[in-house]
Every structure is written in structure tokens, then in C-alpha cells.
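When a residue number appears, it is its place in the shown sequence, counting from 1. Read the numbers this way: they start at 1 and go in the same order the structure lists the ligands and their atoms.
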Amino acid sequence: MSGTVLKKEQDFGEDPLAVRESDHYQHEYTESFVDKWDQLIDWKGRAEGEGRFFIDLLKKLGKHKILDVAAGTGFHSVQLAKAGFDVTTVDGAKEMLIKAFDNGRDNGIVLQTICADWRWLNKDVHGKYDAIVCLGNSFTHLFEEKDRRRALAEFYAALKHDGVLILDQRNYDLIMDEGFSTKHKYYYCGDQVTAEPEHVDDSLARFRYTFPDDSVYHLNMFPLRKTYVKRLMHEIGFQKITTYGDFEANYDEKETDFYVHVAEKAYDDES
Ligand code: SAM
């Protein structure tokens, strides 16, 4: 990628708790953090935790042409490509996309990658997709409501008339209302890595990630409430939203770490 400047270290400035910006993810996924990301998510453990959930769901919905808009290091793009889906891999952070491409190659797959920010997705991503996946608690990086609305509208526009958006999020309601606890089984599975909130208020969840070599990284995220995300999706035009808790249709909100929302464009009575 020409003109790419890879950032070496995270930079939250003098007052990290003041950093509440949608653009800041670009400064958080630095080269060294990206190098460590796969220790954090542990592909094997994550594959076991998720099972065939996304593959089976997309097959059941009859979707084939998939846009992975928050590729990160490529876990879902690779899983879906291996399962036979036609996948296009997008991320706004070049460091992540480079790693995703390398991981694809190591798995025998040449990922089609596009560097694009969700808020201007259709400027760089052309064509219409059966499904968009935005996974790994990524939507939380948008701090302003206008950015969330803009991103959802761009996702909506990139979908075919009966397309579906699959977007997940941490159970921030639980963290905000009751404090943090996690089964640590689904997304962040590396057992040598700790991922914990260092600070939480109504508009910031700052997580600290500590690795076995004692290196420490942070992510500043917006704590999304479940009903709020669903309301935004409805307001953008998605007709039917089904929410799963830790990959189950029946779940206890007090025991759930992550939600997956499946937002469909089609009206129920469409022929
Ligand atoms: N899906 C991957 C996973 O589960 O391992 C990565 C998750 S990581 C928490 C969030 C990803 O979203 C990062 O790769 C980041 O660069 C990307 N991202 C955040 N905000 C974005 C935006 N506005 N446009 C495009 N990508 C964005």
C-alpha cells in the first residue's frame, strides 16, 4: 500500500480519558498492537467458541456475497472464505488490513482487501452485497451518534434489497449497570492475555489489554446499550432485528458477554 505510514506506538496524549473520537481507532491499532492482536483473540479458541454460528446463519439466510467491514486481522474473512462464501475484506486501519492479508495467505486464501472507513464506505466499496458482517465489538469505535447513523446508512446502502447486516457488541449494559465480569470464552480467548475495563462512564469504556511480556495496550470505546443500537438500526431502515446472546437465541441478559444483532432489510410480507 503506497503512502502507508505504520504507527509504531499507541498515542492517547496527556489525558487518555479525554480521547472520545471516532477517528482515534487509527491511532490505537498500531503495528505492535496489531502484531499482538492474534494472541488476544486466539484463532483456535475463538473458532471453538463461535463454532459454525456465522456460517450456519448466513447459509440459513441464503447469503453468499459477504462484505466483512471490520476485518481486523482477518479471522472472519478467512473462516467465511474457507466455508465457500465470496468475501470482500474491509477495514479502516491499514495495519489491520496488511495483517489480514498475510493471515489469509498463511491460510491459503488471497483476500480481496479494501481500506475504507465505514462512514464513507460506498466511496471505496462498489457493488451490492448479500450480507455485511461487522464483528468483534467494532461498532463501539464510533463515538458520535452522527457517525453511527452515517455508518449504518452506508451499510444499508451497500446491501442488496433483501440484504442483512450482522453486527455484534459487548454487553455494555451489564458493565455499566453491574460492573465487569466475563466468561472470557467467546471473542477474546487467549488465556495469557487479560482484557479489562480501566474506566467506564456513559460515553467511554477504556479497556486495558495486558500481554504475557507485560506489554500493555488500550482501546477507548463508546459503551453501546443494546436497545439503543437496535433503535438506530430500525431508524436507518432495517425492518427486522433478531438479537442473540453469546450465540444463543434464548439468553439471560445478566449472563451474556456479547450480543449479535441480525438486521434484515426485507419486509416480512415481501414476496
Ligand atoms: N473483527 C475483528 C476481530 O473480531 O478480531 C477486529 C475487531 S477490532 C475490535 C475493530 C476493528 O474495526 C479494527 O480493525 C478497526 O480498525 C476497525 N474500525 C474501527 N472503526 C472503523 C471505521 N470507522 N471504519 C472502518 N474500520 C473501523
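- The shortest N or O to N or O distance between L219 and ligand 1 is not under 3.5 Å.
- No N or O atom of S22 sits closer than 3.5 Å to an N or O atom of ligand 1.
- Applying the 4.0 Å criterion to heavy atoms of A70 picks out, from ligand 1, the atoms 1 (N), 2 (C), 6 (C), 12 (O).
- When non-hydrogen atoms are compared, ligand 1 lies under 4.0 Å from the side chain of Y29 (C-beta onward) but not from its backbone.
- Taking only nitrogen or oxygen atoms, main chain and side chain alike, G92 reaches within less than 3.5 Å of ligand 1.
- In the vicinity of H141, heavy-atom distances shorter than 4.0 Å reach the ligand 1 atoms 10 (C), 19 (C), 20 (N).
- Looking at ligand 1, you'll find an N or O of D91 within less than 3.5 Å of one of its N or O atoms.
- Geometric assessment of R148 against the ring of F222 yields a positive cation-pi assignment under the 6.0 Å and 45° thresholds.
- The residue F75 has no part lying near ligand 1, judged by heavy-atom distances below 4.0 Å.
- Heavy-atom minimum distance, W43 versus T73: CZ2-O, 3.4 Å.
- Checked for salt-bridge contact, K65 and D130 miss the test: no charged N lies under 4.0 Å from a carboxylate O.
- Legend: residues meeting side-chain hydrogen bond (donor to acceptor under 3.5 Å, both in side chains) with R149, ordered by chain and number and at least two apart, are E145, E235.
- Ring planes of Y209 and F33: tilted class, angle from 30 to 60°.
- At under 3.5 Å, a nitrogen or oxygen of D117, whether backbone or side chain, sits near a nitrogen or oxygen of ligand 1.
- Cluster partners of V19, by chain and number: F12. The rule joins Ile, Leu, Val, Met, Phe, Trp and Tyr whenever side-chain heavy atoms lie under 4.5 Å apart.
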